[in-house]
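Below, chains carry the letters A, B, ... as their sequence lines are ordered, and counting in each starts from 1.
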Amino acid sequence: MKEDLVILRHSTSHLMAQAVKELFPEVKVAIGPAIDTGFYYDFDYDPGFTEEDLVKIEERMREIAKRDLPIVRRMVKKEEALEMFRQAGERFKVELLEAIDDDEVSLYTQEGFTDLCRGPHVASTGQLKTFKLLSLAGAYWRGDEKNKMLTRIYGTAFPDEESLKEYLQFIEEVKKRDHRRLGKELELFSISDEVGAGLVIYHPNGAVLRYILEDFERKEHLKRGYQFVVGPQILKVDMWKKSGHYENYRENMYFTKVDDVDYGIKPMNCVSHIMVYKSKIRSYRDLPLRYFELGTVCRHEKSGVLHGLLRVREFTQDDAHIFLRQDQLHEEIVKIIEFVQDVMKIFNFEFEMEISTRPEEKFIGSIEDWDKAEKVLKDVLDDQGLPYDINEGDGAFYGPKIDIKLKDAIGRKWQCATIQCDFALPERFDLHYVDSDGKRKRPVMLHRVILGALERFIGVLIEHYGGRFPVWLAPIQAILMNITDGQEEYLKAIYARMIDEGIRVELDTRNEKLGLKIRESMVRKIPYMVIAGKKEMEANVISVRMRDGEELKNIDVKDFIKRIQEENLARR
RNA sequence: GCCGACGUAGCUCAGGGGUAGAGCAGCUCACUCGUAAUGAGCAGGUCGCGAGUUCGACUCUCGCCGUCGGCUCCA
């Protein structure tokens with residue numbers, strides 16, 4: 001974000017805090033930074049704000065802006081500032097101050113309101129014109145769920161009306177693309193409270209989309225030397241104790257007991273894949289071994305985090321576990337990154353990468369192994385000249401990882417693919433291979449997903465394409481429509497032919513006007529509308545209208561079928 | 001899990017202490033029609049679930065479930 005935009009937004013958040021203090025003097029202020037989409041400020045106010053309060057606060061902000069109060073910076077001794085905020089009962093500011101090491105701190109004052117702040121700020125409140133308060137939310141003090149929940153107000157600010165308007169239009173666009181809304185409109189999936197929160201029910205259109213993706217994935221994995229394996233849905237609890245999941249991941253797992261034996265429903269697919277590896281003695285020549293499974297897992301995610309398809313409790317990963325020698329690690333990770341690049345190009349996603357390192361607590365394996373693994377990950381990305389961010393302490397409990405964040409058609413980021421390095425599970429399960437010197441050695445394990453979870457990926461795809469899936473992914477590729485009863489038989493024959501050619505086609509011979517049929521198909525975002533009236537039938541051709549308005553008049557059915565089949569292969 | 005808002009017909013939503021309403025969708029009939037909504041009629045609801053207050057609750061109170069916006073967490 002540009003520096004002056006940060007200053008503008010940060011200043012607007014101070015303006016909001018001042019307005020809040022004027023209207024609700026008993027409120028205590030916490031922090032109010034600029035963020036990518038605007039700004040927020042956290043307040044401690046026990047009754048909480050209402051939507052109406054938001055309107056009042058915004059009005060007061062405009063009034064204060066009109067007063068054009070100068071914003072003055074002042075350096076004071078830390079002790080002096082502490083005394084001041086203590087007197088005012090601003091306990092959050094006191095807590096912040098106590099954590100600051102410097103002798104002097106800067107204060108920013110605009111008539112009647114002083115905030116502890118590094119700054120910088122605009123010169124006066126009169127410069128703040130184009131802003132809007134957006135929403136209310138709860139937020140833990142310092143982001144820690146053990147702390148008090150404060151009330152956060154989100155708003156946004158821009159240098160001019162034009163860009164504010166643009167941003168508000170962007171919010172509208174985001175709403176239009178919302179996969180939950182499109183999922184309903186396009187009859188892709190549903191989530192029923194009777195069935196359970198976070199459990200997805202695929203309807204025919206969504207199920208066929210999923211089937212296409214699965215089919216695509218199987219082919220892509222076979223091409224790259226992966227082998228298919230399939231593991232059970234439930235495994236004995238002892239297995240999860242051995243793997244460390246019971247210790248580190250139990251609160252996210254579902255359990256069941258049958259005939260006095262405890263089972264855990266799998267939250268990850270690795271254990272079965274490890275059992276395949278362990279089933280016989282492996283030679284150094286066998287490695288790398290790449291086991292792939294479209295593995296369905298269950299994780300008890302906290303109720304508040306569930307979100308359409310993007311965060312669910314049962315989902316299917318395009319999961320693989322690769323068993324390999326240390327010396328193969330670098331090359332294999334390069335291959336996986338190339339795999340991700342190939343696949344994301346097909347869906348037209350750009351992406352960014354992040355490396356997550358060892359957590360402070362809740363990890364297995366030695367610190368030495370962690371350091372080794374982290375180094376390999378960094379080396380690969382450095383060698384490939386790929387930029388990345390470091391996410392300290394954000395690794396999985398069994399190893400560090402590279403996370404890949406997709407950037408969709410309107411610039412939003414989504415986490416899907418991940419490559420996780422694991423020295424710990426091979427140790428726990430005592431995996432080995434026989435090396436060229438005849439000695440037993442420990443393999444390394446990579447956990448990786450390309451699309452991530454099919455549910456999440458489908459959700460992202462829906463928003464990425466705004467429901468207008470490319471032809472190869474479209475649940476319904478073409479819809480046939482007649483103009484009068486006279487063409488019903490003609491279209492039925494064409495329908496049979498297209499179905500036979502593997503095209504996903506629908507037949508609409510209802511006694512309705514063409515305009516209505518076109519409209520309904522447009523709403524459903526079907527790529528091709530095939531129209532046959534008296535004229536087409538007599539000439540033994542069809543007319544095709546595309547969802548972007550383009551038309552193909554009087555073409556041969558054979559040519560049309562060929563066109564769709566080519567698009568299926570080209571994957572555009 | 002936490003903070004806040006919300007839950008009325010398949011969908012989108014209005015209403016309000018005296019047992020509910022619109023538009024779209026659905027069904028029936030008429031119309032046989034050329035590129036984004038033909039017309040008329042009919043039918044459709046334990047007002048999320050459970051308890052409490054009340055002569056009476058869909059409306060008020062409490063609890064639960066779920067959804068939405070966030071926080072924390074994550075594929």
Check: What base-paired stems does RNA chain B take part in, with at least 3 consecutive Watson-Crick or G-U wobble pairs and both distances under 3.5 Å?
Finding: B:1-7 with B:65-71, B:10-13 with B:21-24, B:26-30 with B:38-42, B:48-52 with B:60-64

Notebook entry, point to check: Distance-only, no hydrogens or angles: does the A:Thr316 side chain make a donor-acceptor pair with backbone N or O of A:Leu294 under 3.5 Å?
Noted result: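 The answer is no, because no donor-acceptor pair under 3.5 Å joins these two groups.
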
Checklist line | Atom pair distance, as rounded to whole Å: CZ in A:Phe43 and C1' in B:C3 | finding: 15 Å

Next item on the list: Respond yes when some side-chain nitrogen or oxygen of A:Lys184 is under 4.0 Å from OP1 or OP2 of B:U12, and no when none is.
Entry: yes

Margin query: Taking 4.0 Å as the cut-off, does a side-chain nitrogen or oxygen of A:Thr151 come that near to OP1 or OP2 on B:C3?
Written below: no

Note to self: I'd like to compare against my own output: the B/S/- annotation of nucleotides 69-75 of chain B with a strict under-4.0 Å heavy-atom distance to protein.
What the structure shows: BBBBBBB

Next item on the list: Between A:Gly198 and A:Lys535, just flag the one whose closest nucleotide in RNA chain B comes earlier from the 5' side.
Entry: A:Lys535

Margin query: At 4.0 Å (heavy atoms only), tell me whether A:Glu536 reaches a base, stays on the sugar-phosphate, or touches nothing.
Written below: base

Check: Does the side chain of A:His321 come under 3.5 Å of the side chain of A:Tyr291 through a donor N or O and an acceptor N or O?
Finding: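 No, no side-chain donor-acceptor contact under 3.5 Å.
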
Margin query: Please verify the inter-ring angle class for A:Tyr226 with A:Phe339; under 30° counts as parallel, over 60° as perpendicular, anything in between as tilted.
Written below: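 A:Tyr226 and A:Phe339: tilted rings.
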
Margin query: When you measure only distances, ignoring hydrogens and angles, does the side chain of A:Lys553 come within 3.5 Å of the base of B:U35 through a donor and an acceptor?
Written below: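 Counting by modelled atom types and ignoring angles, a donor-acceptor contact under 3.5 Å is found here.
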
Notebook entry, point to check: Is any side-chain N or O of A:Glu194 under 3.5 Å from a base N or O of B:G48, one able to act as donor and the other as acceptor?
Noted result: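 Answer no: no donor N or O sits under 3.5 Å from an acceptor.
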
